[in-house]
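As the structure is a prediction and not an experimental result, all values here were calculated from the model. Both backbone and side-chain heavy atoms feed into the values below; hydrogens, waters and symmetry mates do not.
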Amino acid sequence: MINYPEMEKKWQKVWEDLKVYEADPDNRPALLVTAALPYVNMPQHIGHLRTYSTADLLARYMRAKGFNVLYPMAFHKTGTPILAIAKRITSRDEDLIKELKMYDVDDESISKMVDPLYIADYFATVMERGMRRAGYGIDWRRKFDTIQPMFSKLVEWQFFKLKEKRLLSQGTHPVGWCTNENNAVGQHDTKGDVQPEIDEETVIKFKDVDSDIYFACATLRPETIYGVTNIFVDPKARYVIANIEGERYYLSKNAASTLSYQKKISVESELIGDELLKKRALNPITGDALPVLPGFFVKDETGTGVVMSVPAHAPFDYAALERLKVERYSMPELNYKKVIEVKPGSEAKSGEEINREIPALGYLELLNADPNAPDDVLERATKALYKEESHRGIMIEGPYKGAREPEARKKIKLDMLREGKAFSIYALSNESPIYCRCGQKVIVKTIENQWFINYGDEAWKEKTRKLVGNMKFYPGKLKEDFGMLVDWIDLRATERAQGLGTRFPFNPDHIIESLSDSTMYMTFYTFDYILFANSVKPEQLKPAFFDYLFDYTNDIGKVSGDTGISEEAIKKCKESIDYWYTNTDRHSAPDLIPNHLTMYLFIHTALLPERFLPKQIVVNGFVNSEGVKMSKSFGNIVPLLQGAERYGADPLRFIEVTGADLDTDTNFSVEALNGVYSRNEFLYNTVMSLGGMQSGELKHIDYWLYSVLNRKIREVTALLDEMSLRNAYTGIYYNSVSELQWYLERGGNNALVMHDFLERIVLMLSIIMPHFSEELWHMLGKSTLVVKEQWPKVDDDMINPVEEESENVIRNTIYDVRQGMELSSKIDANRGRKVKEVKIIVAEPWKAEAYNILAEKKDIGAVMGDPAMGKIDKERLSKFLSQFAKRINALSRLNAISDEALMNGFADSKEFMEKKIGSGVKLEKEAESKSARAARALPNKPSIEIVWE
RNA sequence: GCAGGGAUGGCGGAGCUUGGUCAAACGUGCAAGGCUUAGGACCUUGUGCCUUAGGGCUGCGGGAGUUCAAAUCUCCCUCCCUGCACCA
């Protein structure tokens with residue numbers, strides 16, 4: 001049995017001692033392969049192997065194809081997650097400690113993890129060990145991390161340049177906010193890890209008829225302004241008169257306090273909702289004077305506590321008014337005006353007759369409800385109605401009459417904002433309130449003077465779009481995806497108050513946001529080790545240095561003078577980046593597509609010269625475990641280091657990378673591993689057995705194996721060039737094992753042939769199972785390293801379709817005979833009898849010719865009249881051809897085997913066939929056969945006669 | 001809500017871009033036999049239904065259509081997954 005850990009460590013030591021993965025510029029074409037650098041807040045598990053293994057495979061493949069390949073690695077320490085770990089350790093979070101122990105982190109190390117930097121270093125070390133254990137061909141001399149002062153200099157340069165190019169902007173920005181901790185609140189800061197969802201709402205100003213104070217009505221549906229009949233307030237709630245940015249408003253006291261995080265608000269006086277009921281308010285669009293009424297559903301915590309009532313379109317509003325009518329509340333006659341019409345044929349799915357004049361009532365009827373229905377039923381009706389109207393609603397009022405509802409909503413809102421009839425606020429749109437981990441309710445705050453990277457810049461988008469057009473993507477459909485993302489991406493906040501990372505140059509209290517700082521770090525690999533080797537200090541990496549690297553200046557003397565770095569070192573850095581960065585390949589999992597990878601493209605087009613722009617992106621799917629997602633909540637996580645010891649790095653890499661197509665999730669399962677173990681065992685034993693075998697003259701089956709091999713190399717190389725890894729390895733691995741087994745079963749025993757075959761297979765296997773392949777390579781008597789070998793070449797002369805086809809004919813014939821024997825043994829007449837012999841009758845040669853003519857011309861008459869068929873009996877020819885008539889269009893040419901060759905093939909394999917069939921075999925030619933079934937012989941499909949005793 | 005992707009044999013998953021050679025690659029599971037007595041085994045055969053000779057029928061989420069021909073093209077429906085910004 002193969003001991004993977006032992007074997008793998010043995011070859012890792014050899015590779016390391018010989019520095020086989022250290023790459024420096026030479027005269028070969030260059031390729032820089034990078035995979036998204038890992039974030040160091042937890043060690044990797046076996047699922048993380050996929051991206052790095054895919055990159056490693058491509059690196060090895062391209063190296064074998066003659067490229068000088070560099071595959072470096074670094075560690076991502078920027079951001080808040082590491083701080084979060086430290087915080088949770090400080091508070092002795094049991095779940096976290098349990099998780100860490102699962103990764104074999106000892107108590108002493110855990111106790112030190114109150115220090116974020118310790119955490120970062122610890123996990124970076126563990127991760128490096130994991131990647132070394134996996135056997136990746138990484139040049140570790142170039143390792144760095146993203147909070148290293150040296151690296152920060154590159155990030156700073158990036159931001160100086162972005163500002164220079166006016167791609168940074170400042171503005172306000174809404175965030176979830178905890179008023180207790182005075183902090184922005186993201187998903188991981190909330191109870192239950194709820195993502196705060198922020199919606200923009202419109203506050204429409206309804207002027208009090210008798211004063212200059214406005215009722216501030218918050219709404220998501222400003223387009224219904226044409227159907228407003230009244231204002232609702234909660235008579236028992238506390239309201240205020242407040243000055244919001246220069247104008248006075250009625251709104252709930254609660255709302256005033258919440259909105260003070262978004263607007264400048266000063267409260268002038270307080271009142272009870274009841275006092276508002278006597279007032280009347282002016283609709284800013286229609287000018288109607290509207291009554292203010294008590295609404296049972298109005299909550300002073302929601303929105304502004306003041307609601308505009310649209311009874312035709314809002315079930316709550318409708319219900320509230322109907323209830324007031326029942327109570328005989330004193331109010332004027334109200335006109336329930338419909339302002340949106342839904343295209344017919346959609347709403348009442350049950351076919352019931354519902355009220356279409358008052359949609360709010362209609363939707364209540366749909367739910368068999370009335371105005372006294374409980375709130376949740378009204379809520380359901382509201383949602384259904386809102387959905388229907390957004391989908392199929394057409395405006396029938398106002399200047400946007402005829403427009404689709406969502407469009408009208410947008411335009412009416414913009415109009416009112418522009419005319420000062422409304423303003424916007426932000427609110428959380430989550431179903432239920434969100435709470436910070438500290439217990440405080442989360443609200444929305446707008447941050448002033450927030451810095452953004454302006455990915456919305458049209459000229460920038462255009463450049464990036466062009467880049468996407470020029471790049472290669474695997475899988476190919478990514479090109480379209482990125483095209484769309486380039487259009488979609490807009491302002492992106494780029495600084496934050498907390499976290500590890502590089503200080504934001506234009507606001508040193510803040511840190512550069514952690515996705516923004518890792519958009520061009522791949523350039524750093526090309527020259528960092530030169531800086532390390534020359535003891536360059538971070539403060540020497542002034543902008544001039546990077547200006548020189550990235551072609552903004554070519555005055556090396558001045559750069560050297562400015563920075564104090566020797567001209568020689570600078571020149572070396574420049575040569576290195578010029579060599580490596582002109583041909584790059586980037587790998588990641590799909591989660592980085594809409595963020596990191598998109599930003600990566602943008603920053604490159606903004607700052608780097610044409611020849612340094614990205615060339616290729618490869619994205620691979622995730623890894624499941626036994627069919628379900630790997631996650632700590634499922635308890636199915638296997639840490640990488642444990643996994644490599646238990647399963648072997650090679651088999652793990654193999655099933656993760658080749659087990660599924662690139663863009664789909666792959667599955668980790670013990671069954672799949674077992675399949676690899678047994679096949680590897682077979683290959684291993686087969687190589688072992690070669691020593692005891694002879695090499696004689698080549699037989700039919702030897703030519704067959706050579707043909708299969710060379711065709712395989714050709715096909716598989718094409719598949720790899722397309723990153724079709726699953727299909728490629730079905731050919732290289734699974735099929736090769738079956739072919740070897742077939743070869744042996746057919747009596748193949750030529751050591752030389754098998755050696756040739758295995759040697760090529762091992763070469764092709766070495767890019768995914770390098771350790772195992774290295775082992776086999778040496779067992780095959782090689783003294784070189786397989787990981788430094790070239791990709792096998794195709795010997796076209798050895799590809800012999802006829803040889804392969806004839807093998808297929810033999811295989812199919814055996815199958816047909818067996819099936820025929822089984823079926824005919826059920827005939828009463830054959831009960832209890834044995835098969836005496838099986839006649840195999842090979843078709844006359846003209847049949848293949850006729851068949852191929854038919855396949856080409858698709859016309860029986862044309863074959864009949866073809867001069868090549870001149871000597872054939874017309875009746876036999878027409879009988880033969882007519883059997884293909886019904887599928888004539890589906891016929892395609894076959895590799896005709898001469899009847900001589902076929903007869904020889906059958907003669908060669910007579911013994912084998914007799915063994916497989918379990919009875920004697922007699923070969924006949926159609927023309928010479930006396931069998932009644934002889935005429936049934938088809939090209940490449942002999943007729944069979946089973947002769948019973 | 002917006003955007004994107006998906007629905008195929010017991011299971012995972014090909015094939016659908018370029019309709020036919022597809023009862024459906026490859027893997028895995030299951031069953032019988034061999035081997036052998038136990039090693040994650042290995043080998044053979046079978047694994048939609050029917051079938052007295054290599055054949056037929058039904059089938060690729062549901063429904064309709066285009067076509068000589070559809071898992072593959074068009075339309076509608078149902079269900080599922082992923083992302084949506086300060087979060088790496």
Side-chain angles (χ1 to χ4, degrees), chain A residues 1 36 39 41 76 78-82 173-176 184-189 195 197-199 220 383 386-387 390-391 406 429 447 450 452 476-477 480-481 484-485 488-497 499 513-516 518 590-596 622 624 626-627 647 655 658-661 663-667 669-678 681-682 726-727 729-731 733-735 738 741 745 812-813 815-831 855 886-892 894 916 933 936 938 941-946:
Chain A
M1 251 202 289
Y39 194 80
N41 64 337
H76 201 194
T78 323
T80 50
I82 292 176
H173 183 59
V175 293
V185 181
Q187 180 166 351
H188 55 262
D189 304 313
Q195 172 71 43
E197 284 165 34
I198 298 171
D199 247 9
L220 287 166
K383 278 191 178 152
Y386 191 6
K387 185 175 174 181
S390 300
H391 255 114
S429 64
I447 309 265
Q450 166 79 39
F452 300 92
K477 66 181 162 89
E480 238 173 277
D481 295 349
M484 256 180 300
L485 283 164
W488 259 226
I489 193 170
D490 201 2
L491 292 177
R492 167 113 202 171
T494 192
E495 41 144 355
R496 17 176 340 161
E513 184 269 330
S514 67
L515 282 171
S516 305
S518 50
D591 51 342
L592 300 185
I593 293 172
N595 42 69
H596 163 74
F622 294 114
N624 290 332
E626 307 287 353
Y647 304 116
I655 62 163
T658 70
D661 284 331
D663 55 337
T664 58
D665 292 352
T666 190
N667 192 34
S669 74
V670 174
E671 286 78 34
L673 279 172
N674 287 341
V676 173
Y677 294 146
S678 61
E681 212 73 40
F682 169 79
R726 181 193 175 96
N727 289 335
Y729 278 89
T730 297
Y733 189 64
Y734 294 105
N735 292 350
S738 340
Q741 284 168 345
E745 205 185 343
N812 293 339
T813 304
Y815 178 86
D816 290 345
V817 169
R818 295 174 78 117
Q819 194 165 4
M821 283 167 69
E822 195 185 321
L823 288 172
S824 58
S825 69
K826 292 178 187 161
I827 305 175
D828 284 345
N830 292 334
R831 283 272 153 73
K886 64 180 170 180
R887 54 190 183 96
I888 192 163
N889 288 315
L891 300 181
S892 59
L894 43 79
K916 296 294 261 187
R933 294 180 59 85
R936 297 176 60 117
L938 301 178
K941 196 169 174 64
S943 174
I944 296 158
E945 181 177 352
I946 298 161

With a 4.5 Å cut-off on side-chain heavy atoms, are F452(A) and D490(A) touching?
no
Describe the nucleic acid contact of T80(A) in one word from base, sugar-phosphate, nothing, applying a heavy-atom distance below 4.0 Å.
sugar-phosphate
Given rA88(B), rG54(B), rC43(B), the nucleotide with the shortest approach to the side chain of Q741(A)
rC43(B)
Quick one: label H76(A) by what it contacts on the DNA or RNA (base, sugar-phosphate, nothing), any heavy atom closer than 4.0 Å.
sugar-phosphate
Interatomic distance where CD belongs to E197(A) and C1' belongs to rC2(B) [whole Å]
12 Å
I'd like a list of close polar pairs between nucleotides 45-47 of chain B and the protein, N/O only, cut-off under 3.5 Å.
none

Determine the interatomic distance between P on rG4(B) and the same-named atom on rC75(B); round to the nearest Å.
15 Å
Selection from rG40(B), rG83(B), rA88(B) that lies nearest to any side-chain heavy atom of Y39(A):
rA88(B)
Less than 4.5 Å apart, side chain to side chain, heavy atoms only: is that true for T664(A) and R726(A)?
no
Whole angstroms only, please: what is the CG-P distance between L515(A) and rA85(B)?
13 Å
Does atom CD (Q741(A)) have a neighbourhood of more than 12 heavy atoms from anything else shown, all under 6.0 Å?
yes
N595(A), nearest nucleotide to its side chain (from rA88(B), rG83(B), rU44(B)):
rA88(B)
If the C1' atom of rC2(B) is compared with that of rA25(B), how far apart are they to the nearest Å?
38 Å
Can you tell me which stems RNA chain B forms, taking runs of 3 or more consecutive Watson-Crick or G-U pairs with both distances under 3.5 Å?
B:1-7 with B:78-84, B:10-12 with B:26-28, B:29-34 with B:42-47, B:48-50 with B:55-57, B:61-65 with B:73-77
In whole angstroms, the gap separating P of rU82(B) from NZ of K477(A) amounts to 15 Å
Would you find a donor on one side and an acceptor on the other, under 3.5 Å apart, between the side chain of R933(A) and the backbone of I944(A)?
yes
Is Y677(A) reaching over with its side chain to a backbone N or O of Y647(A), donor-acceptor style, under 3.5 angstrom?
yes
Distance check needed: rG54(B) C1' versus I946(A) CD1, whole Å only.
9 Å
Heavy atoms, side chains only, cut-off 4.5 Å: are V175(A) and Q450(A) in contact?
no
Determine the interatomic distance between C1' on rC60(B) and the same-named atom on rG15(B); round to the nearest Å.
10 Å
Whether N41(A) side chain and I82(A) backbone form a donor-acceptor pair below 3.5 Å:
no
Between rA3(B) and rA64(B), how far apart are the C1' atoms? Round to whole Å, please.
28 Å
Sticking with atom C1', work out how far rC49(B) lies from rG59(B), rounded to a whole angstrom.
10 Å
Sugar-phosphate only, base, or nothing, as touched by M1(A) at under 4.0 Å among non-hydrogen atoms
base
Using atom CG of L673(A) as one end and atom C1' of rG40(B) as the other, report the distance to the nearest whole Å.
10 Å
Would you indicate what L491(A) reaches in the nucleic acid, counting non-hydrogen atoms under 4.0 angstrom: base, sugar-phosphate, or nothing?
base
rG9(B): syn or anti, with syn meaning chi within 90° of zero?
syn
Nucleotide-resolved protein contact map, nucleotides 9-28 of chain B, B/S/- at heavy-atom distance under 4.0 Å
---BSS-----BB---BBSS
Atom P, compared across rC79(B) and rU66(B): separation rounded to whole Å
28 Å
Determine the Euclidean distance between corresponding C1' atoms of rA70(B) and rA85(B); express it in Å to zero decimal places.
43 Å
Heavy atoms only, 4.0 Å cut-off, all strands: where does Q450(A) land among base, sugar-phosphate and nothing?
nothing
Using atom P of each nucleotide, how far apart are rU51(B) and rU18(B) to the nearest Å?
42 Å
